Amino acid sequence: MTQNIEIAMRMEGITKRFPGVLANDRISLDCRKGEVLGLLGENGAGKTTLMNILYGLHQPDSGKIFIEGKEVKIESPAKAIELGIGMVHQHFKLVDTLTALENVILGIPSEHPMVLDLAPARKRFLSLCEEYDLYVDPTVETWRLSVGKQQWLEILKALYRDARLLVLDEPTAVLTPSEGEQLFKAIRKLTKEGRSVIFISHKFGEVLEITDRITVIRDGHVVGTVPTKEATYPELARMMVGRPVSMDRKPRPSATKIDPVLVMENVQANNDRGLPALKNINLTVKAGEIVGVAGVDGNGQLELAECIVGLRKRTGGSIRIQGHDVDRVMADPSFVGYIPADRQKVGLFLTLTVAENLVVKDYAKPPFTRRGVLRYQAIRQHANRLIKEYNIRTPSSEVQVVHLSGGNQQKVVVAREMSAQPPLVIASQATRGLDLGAVESVHNFLLKERNRGAAVLFISTELQEVMSLSDRIIVMFRGEIMGEMDGEAADINVIGQMMLGQVTEVVA
Amino acid sequence: MSPDIIIDWLQASLRWGAPLILVAIGEVYSERSGVINMGIEGIMLFGALAGIAISFFTGNVLLATIGTMILGALFGLAVAFLTVSRKTNQVVTGLMVNLMALGGTNLLFALLSESRHVRVERYPLLFPESFSNIPILGPVLFRQPVSTWVALILPFIAAYILYRTDWGLNVRAVGENPQAAATAGLPVIKLKYQAVILSGLFAALGGCVLTLAEVGYFASGGMTAGRGFVVLAAVVVGGWDPLKTALVCLVFGAADAAQLRMQTAGSVIPYQFLQMLPYLITVIALAGVVGRSRPPKTWGAPYDPADI
Ligand SMILES: Nc1ncnc2c1ncn2[C@@H]1O[C@H](COP(=O)(O)OP(=O)(O)OP(=O)(O)O)[C@@H](O)[C@H]1O
Ligand SMILES: [Mg+2]
């Protein structure tokens with residue numbers, strides 16, 4: 001051939017079967033030198049599995065992998081690293097108790113194994129930070145880092161090993177918009193250096209902005225590859241989901257009930273580092289309305305949600321749910337449906353099955369238990385109903401949740417929390433990591449809860465969905481509510497300014 | 001109480017603490033890698049017998065020590081194979097090793113009847129006799145066998161290795177988050193094997209020190225008397241840190257020494273109660289500290305490389 005396009009990596013006919021699922025079905029794709037290849041596909045389509053194969057974490061049942069033209073067998077991550085492949089996982093792979101720098105050098109044999117000499121490593125690390133404009137304090141223990149910083153750390157970890165092909169599995173799901181911009185700058189720099197990036201995301205805007213070509217995967221096989229220049233949103237959506245999808249504001253009946261369900265008065269709380277995170281929050285959410293909380297991640301949204309569900313101690317103020325003090329009602333899980341921002345740490349028991357996870361709030365009640373003995377038949381029936389209703393992709397209700405794809409793990413949480421029909425729903429980043437179709441259905445479920453008469457607090461860093469879903473919008477900045485407006489009439493520019501802390505005169 | 005008794009007690013505390021420290025060092029590594037080697041009590045017992053037997057037949061304590069450590073490493077290898085590769089339950093595996101050791105040492109000891117209750121060559125003192133005449137320090141520190149000094153210095157080396165070498169970092173990472181360690185390219189299984197083998201090696205050494213430095217003979221019927229279990233507690237109380245754990249071992253050693261002294265001094269308290277003392281302290285220390293010390297995150301959990 002007379003092409004001068006150099007192929008960095010090619011996969012040919014990769015097939016991977018898990019018990020009950022064909023995760024990858026003869027997938028072939030390639031990634032060129034210096035390009036960003038987008039990988040699009042529904043939750044459970046097999047994107048992560050494919051990349052795990054490339055990184056040596058899974059062995060394919062059949063298929064070949066070529067790196068720079070040579071066929072390779074990648075039997076372990078160590079081999080992948082040696083071949084110049086780096087991967088930032090959907091769920092980070094950092095050792096919480098180690099420092100940032102220790103995480104970076106982990107697994108790299110040092111020159112003198114008997115002395116862990118961190119000085120040269122620190123120098124190299126800091127120069128990488130500067131070069132790609134992704135700063136992380138090397139001495140801080142990683143559990144103290146924000147998710148955004150952990151993301152930087154994962155990228156720096158790969159760059160430290162001089163990755164020439166970098167896989168980013170949903171990197172922007174946890175980033176703030178400005179962090180996203182920073183990431184894109186770094187990606188552009190990487191490709192300019194001749195490195196290649198595989199970019200997985202459910203956010204179309206980003207994929208269209210950053211990639212050169214896009215490969216779409218559905219149900220484990222490749223639907224097609226298109227150059228980004230020729231791709232359009234509706235066409236991609238159709239390729240991915242198989243039907244048109246709309247993200248516009250949904251029509252809704254006007255609220256009929258007006259009883260306040262959640263009343264917060266002068267609530268104050270600290271964050272994990274002991275600094276004030278909520279300053280005098282006054283907020284009321286009424287039955288039959290969705291209150292959207294907009295704001296850049298880390299401005300108190302997490303603390304707000306945790307205070308309401310009783311996971312965080314207040315330092316002042318009061319919270320009442322249906323007139324009861326929150327500390328008292330928390331013993332009864334049926335009061336609040338909570339979709340936490342971190343599904344793996346807070347939302348799920350990863351090693352329990354889907355059925356068990358779906359019943360953890362109700363297992364002690366009939367029909368799931370009788371005289372202290374769990375009735376698995378009822379639990380399984382309940383699970384199968386929810387799996388169908390919420391379109392959770394799993395081989396069966398008896399699979400451990402850890403084996404589900406990220407998006408489907410999220411659906412398990414959503415299904416459990418909403419199916420109990422609680423009077424109050426706290427949804428925190430409820431659509432994080434969900435594919436287009438699933439986002440739409442979560443929105444529909446939340447809307448259904450609202451129409452049923454539930455009070456819904458919808459916390460999201462995606463301004464678009466806050467605007468399309470909320471009846472009322474509040475904007476949080478540094479632990480304070482900057483302003484409040486009607487969902488119907490909200491102006492994206494005003495919200496954007498409030499998110500950055502600029503107080504705008506609200507014209508009455 | 002006369003000063004002599006106190007000096008004597010301090011000296012004995014170090015001697016009784018030493019084997020505990022040695023066993024504990026190995027166990028710290030094993031548990032830091034995520035594997036609880038509950039079999040250290042049994043391996044210690046085997047080590048105690050092996051030390052005596054080899055010393056009896058060869059008359060050489062160095063040979064006895066090295067042989068015992070090799071034997072311990074082999075036990076560690078077996079425990080690693082079961083718990084890491086076969087993913088057996090760590091508690092059950094440990095219990096099995098302990099029961100096997102109790103029966104096994106009794107049987108072997110009966111077979112080795114020649115050496116029964118014969119005092120063998122013991123560890124020499126590290127410092128010349130004349131040092132022992134220095135007041136207080138002399139008897140407490142210098143009238144000590146080599147093994148005590150090894151046990152006093154080893155925790156510092158162990159801490160250095162754990163916190164300041166590649167290998168130490170790798171072991172810590174593996175116990176905290178084996179998936180992350182594997183993704184970083186670390187050979188998780190191999191590291192776990194190494195750590196568990198070390199725990200076997202040190203457990204046997206501890207047992208060997210118990211006989212070759214202290215009593216000089218083997219007594220059938222479980223002469224380690226639960227010291228391995230005390231070490232398991234000490235590691236928890238010491239927060240999986242070599243230095244703190246060693247300190248806790250010294251406290252247990254002191255309690256052990258005290259109870260022995262009180263017994264021989266003819267105290268009015270029944271000796272059964274005195275014998276209980278070190279274990280009572282163990283329980284109290286555990287109750288006081290557990291919950292505040294944070295174990296390695298995958299402590300005691302099996303690791304499956306297929307789980308990502
Ligand atoms: N270790 C495993 N054991 C069993 N099944 C698995 C395992 N890993 C993945 N699967 C299954 O393989 C399929 C593909 O999952 P994968 O994680 O690759 O999806 P994905 O495209 O990354 O989805 P998402 O966008 O939700 O992250 C899913 O049905 C999932 O349940
Ligand atoms: Mg995925």
Side-chain angles (χ1 to χ4, degrees), chain A residues 18-19 48-49 51-53 55-59 75-83 85-99 101-118 121 141-143 150 154 157-158 160-161 169 350-351 400 402-403, chain B residues 28-29 31-34 87 89 156-195 198 239-242 292-308:
Chain A
F18 289 116
T48 300
T49 304
M51 291 302 110
N52 281 341
I53 289 173
Y55 195 65
L57 284 164
H58 288 315
Q59 294 309 308
E75 62 277 307
S76 70
K79 181 72 197 255
I81 292 165
E82 192 191 308
L83 288 168
I85 302 167
M87 180 160 175
V88 177
H89 294 260
Q90 189 169 6
H91 302 112
F92 297 149
K93 303 291 175 198
L94 296 168
V95 183
D96 280 355
T97 48
L98 299 185
T99 66
L101 188 60
E102 284 172 334
N103 264 294
V104 167
I105 60 157
L106 196 64
I108 302 176
S110 64
E111 275 173 54
H112 315 283
M114 283 321 285
V115 272
L116 188 65
D117 187 5
L118 292 178
E141 286 182 7
T142 38
W143 63 270
Q150 292 188 18
E154 285 279 28
K157 196 166 117 189
Y160 193 92
R161 288 143 209 256
D169 195 352
L350 288 173
T351 53
Q400 289 185 359
V402 70
H403 290 151
Chain B
V28 164
Y29 282 129
E31 295 195 11
R32 275 290 180 128
S33 83
K87 300 189 199 75
N89 182 293
F156 294 94
I157 300 173
Y160 179 86
I161 291 176
L162 189 61
Y163 299 117
R164 292 271 178 276
T165 67
D166 270 16
W167 186 80
L169 176 66
N170 294 351
V171 167
R172 282 185 287 143
V174 162
E176 275 302 318
N177 190 341
Q179 278 79 21
T183 346
L186 290 181
V188 174
I189 304 273
K190 185 169 137 195
L191 284 161
K192 281 182 183 257
Y193 261 81
Q194 289 170 344
L198 272 184
W240 293 268
D241 173 77
R292 269 185 293 139
S293 75
R294 204 193 63 81
K297 213 167 272 156
T298 62
W299 190 52
Y303 165 68
D304 186 348
D307 283 344
I308 303 164

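Here the structure is a predicted model, which is why all the values come from computation and not from measurement. Just so you know, these numbers use all the heavy atoms, side chains as well, and skip hydrogens, waters and symmetry mates. To find a chain, count down the sequence lines: A is the first, B the second, and so on, and within it residues start at 1.
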If I measure from the heavy atoms of chain B, does [X] come under 4.5 Å with its side chain, its backbone, both, or neither?
X	result
Asn52(A)	side chain
Ile81(A)	side chain
His91(A)	neither
Phe92(A)	neither
Leu106(A)	both

A side-chain contact here means heavy atoms from C-beta on lying under 4.5 Å apart; do Ile108(A) and Tyr160(A) qualify? yes
Would a 4.5 Å heavy-atom cut-off, applied to side chains only, mark Asp96(A) and Lys297(B) as touching? yes
My understanding is that only residues two or more places apart in sequence, or in another chain, count here; which of them pass side chain to side chain donor-acceptor pair (under 3.5 Å) with Thr49(A)? none
In this structure, CG of Leu186(B) is separated from CG of Asn170(B) (nearest 0.5 Å) by 4.5 Å
Roughly how far apart are Trp143(A) CH2 and Glu176(B) CD, rounded to 0.5 Å? 12.0 Å
Residues Glu141(A), Thr99(A); criterion side chain to side chain donor-acceptor pair (under 3.5 Å); working and verdict: CA-CA 4 Å; Glu141(A) 286 182 7; Thr99(A) 66; over 6 Å; no
Which portion of Tyr160(B) sits near chain A, non-hydrogen atoms under 4.5 angstrom: side chain
Between Ala173(B) and chain A, with a heavy-atom cut-off of 4.5 Å, which part of the residue counts as in contact: side chain, backbone, both or neither? both
